[in-house]
2 protein chains.
Amino acid sequence: MKIDSSYTPLSLAILGLVSLGPQSGYGLRKTFSTTPMGHFSASPGAIYPALRRLEQAGLIRGAIEKKNTLRPRKTYSMTEQGLKTLKRRLAAAITRHDIVWRLEELILRFAFTGEILGRTRSIDFLEELSSQIAQYVPDLREHVTIQRELGNVNGAYALEQGIAKYEATDRWARRVAKELTEV
Amino acid sequence: MKIDSSYTPLSLAILGLVSLGPQSGYGLRKTFSTTPMGHFSASPGAIYPALRRLEQAGLIRGAIEKKNTLRPRKTYSMTEQGLKTLKRRLAAAITRHDIVWRLEELILRFAFTGEILGRTRSIDFLEELSSQIAQYVPDLREHVTIQRELGNVNGAYALEQGIAKYEATDRWARRVAKELTEV
DNA sequence: GTCCGCATGTAAGGCGTTACATGATTAA
DNA sequence: TTAATCATGTAACGCCTTACATGCGGAC
């Protein structure tokens, strides 16, 4: 039972953007190239194939506007299955694997969770994130100790940058959760 | 004049590790899989091809230990050209592109700079990093404002996570630079 | 004498990158 | 009418991922 043929951050970003309203390939490229979301790639060689894959998987549907011209404009919109898939992906539990390897994708998930799943779910997401980070940081500290004992000064410092990053993300998550709760 | 055939973070990590002393492919895999450096991949399907590329580029040299067995052990060590290339890569100026797209590689560069280029250069590196981050953060704040005005609440918050990450890295860089200076 | 860890790889396949190709539209 | 911008793609290539294959060496 294979559901998601392509499960990359880029495909998540595209699904999220299309879910906010119909988008053309060029429109998506513009969004990616003019906002920090371009972090998940802005090149046509990535976006157009991704659109085709998502369409073949039945998650989005492309409608051709001007049939008579040689270069027809294509506008993609969400299918029911696509919305279901997006919701499932946004609501998935946060694993340690996500924390270690896919932090930026988690932030991307949060960015779309507000519109798609609502404020309450956004708050839950942030609390789960904070909790998972709290469980991971001690392990990083372990590695700092190990590297310091090995005399790897810069290596230990480099690991501390990672810790600083996670702690900052933790503080951010708590603050935002609080703000979203109070509003 | 093509010098670096492969310029990936993984190849930098391998060059750095080999520069600290001869390494076997398996030894590298162990290092990658047991330390957070594994962030730059720990799979054999990435490491062995990378070793072959680095050897073909003349940056490392593999010496076979036991010729008589069918599975000979191979130990890689640095060539002069490899050390030169590594030094050049570590000493390269930090660009905005690096800050935006390759922050983790910058941290990796710092981790090896201590052993390869020394403490003074490590401090310079951190100050350059701090300065470049300071120049980038205001641009991110711009995007936060834009997204907030568009009513994209979670999107604006998500961007703030990025800001928090960079600011934490900036504080880390200043602190470490200070500590390295005082010692 | 069998199982597990050491040790070195290969194969198939996927996604992304850079560079290139093509046509329509608008402003000077 | 020419240049820039809108708009949609393709081609070649490279690196990484997952899964698989193979053999040695010591412990039980």
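Throughout, protein chains are lettered first and strands after them, A, B, ... in sequence-line order, and every chain is numbered starting at 1.
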### Query
Phosphate oxygens OP1/OP2 of dC15(C): is one of them under 4.0 Å from a side-chain N or O of R53(A)?
yes

### Query
Are OP1 or OP2 of dG14(D) and a side-chain N or O of T8(B) less than 4.0 angstrom apart?
no

### Task
Measure from CG on L28(B) to P on dT8(C) and round the result to the nearest Å.
9 Å

### Task
Answer with yes or no whether the side chains of T169(A) and Q161(B) bring together a donor and an acceptor at under 3.5 Å.
yes

### Query
Is any side-chain nitrogen or oxygen of Y26(B) closer than 4.0 Å to OP1 or OP2 of dC6(C)?
yes

### Query
L51(A) has an atom CG; how far is it from atom P of dG9(D), in whole Å?
9 Å

### Message
From CG of L10(B) over to P of dG16(C), roughly how many Å is that when rounded to an integer?
### Response
19 Å

### Message
For a quick check of understanding: with a heavy-atom distance under 4.0 Å over all strands, which category does G25(A) fall into, base, sugar-phosphate or nothing?
### Response
sugar-phosphate

### Task
Kindly say if S43(B) contacts the phosphate of dT18(D), meaning a side-chain N or O under 4.0 Å from OP1 or OP2.
no

### Ring-face cation of R109(B) near F125(B) (centre distance under 6.0 Å, axis angle within 45°)
no

### Query
Between L54(A) (CG) and dG16(C) (P), how many Å, whole number?
10 Å

### Message
Whole angstroms only, please: what is the NZ-C1' distance between K30(A) and dT5(D)?
### Response
8 Å

### Message
In this structure, how many angstroms lie between the C1' atom of dG16(C) and the CG atom of L12(A), rounded?
### Response
17 Å

### Task
Specify the separation, in whole Å, of atom CZ of R29(B) and atom P of dG9(C).
11 Å

### Task
Ignoring backbone atoms, establish whether Y48(B) has a side-chain N or O less than 4.0 Å from OP1 or OP2 of dG9(C).
no

#### Entry: Cationic N near anionic O, under 4.0 Å, R61(A) to E80(A)
no

### Message
Rounded to whole Å, how long is the line connecting atom NE2 of H39(B) with atom C1' of dC16(D)?
### Response
14 Å

### Message
Reading DNA chain C from 5' onward, which residue's closest nucleotide shows up sooner: P44(A) or P49(B)?
### Response
P49(B)

#### Entry: E167(A), CD atom: more than 12 neighbouring heavy atoms under 6.0 Å
yes

### Task
State plainly whether the residues R96(A) and D139(A) are in salt-bridge range, i.e. N to O under 4.0 Å.
yes

### Message
Counting only side-chain nitrogens and oxygens, does R52(B) get under 4.0 Å of the OP1 or OP2 atom of dT8(C)?
### Response
no

### Message
Using OP1 and OP2 only, check whether a side-chain N or O of S24(A) sits under 4.0 Å from dT8(D).
### Response
yes

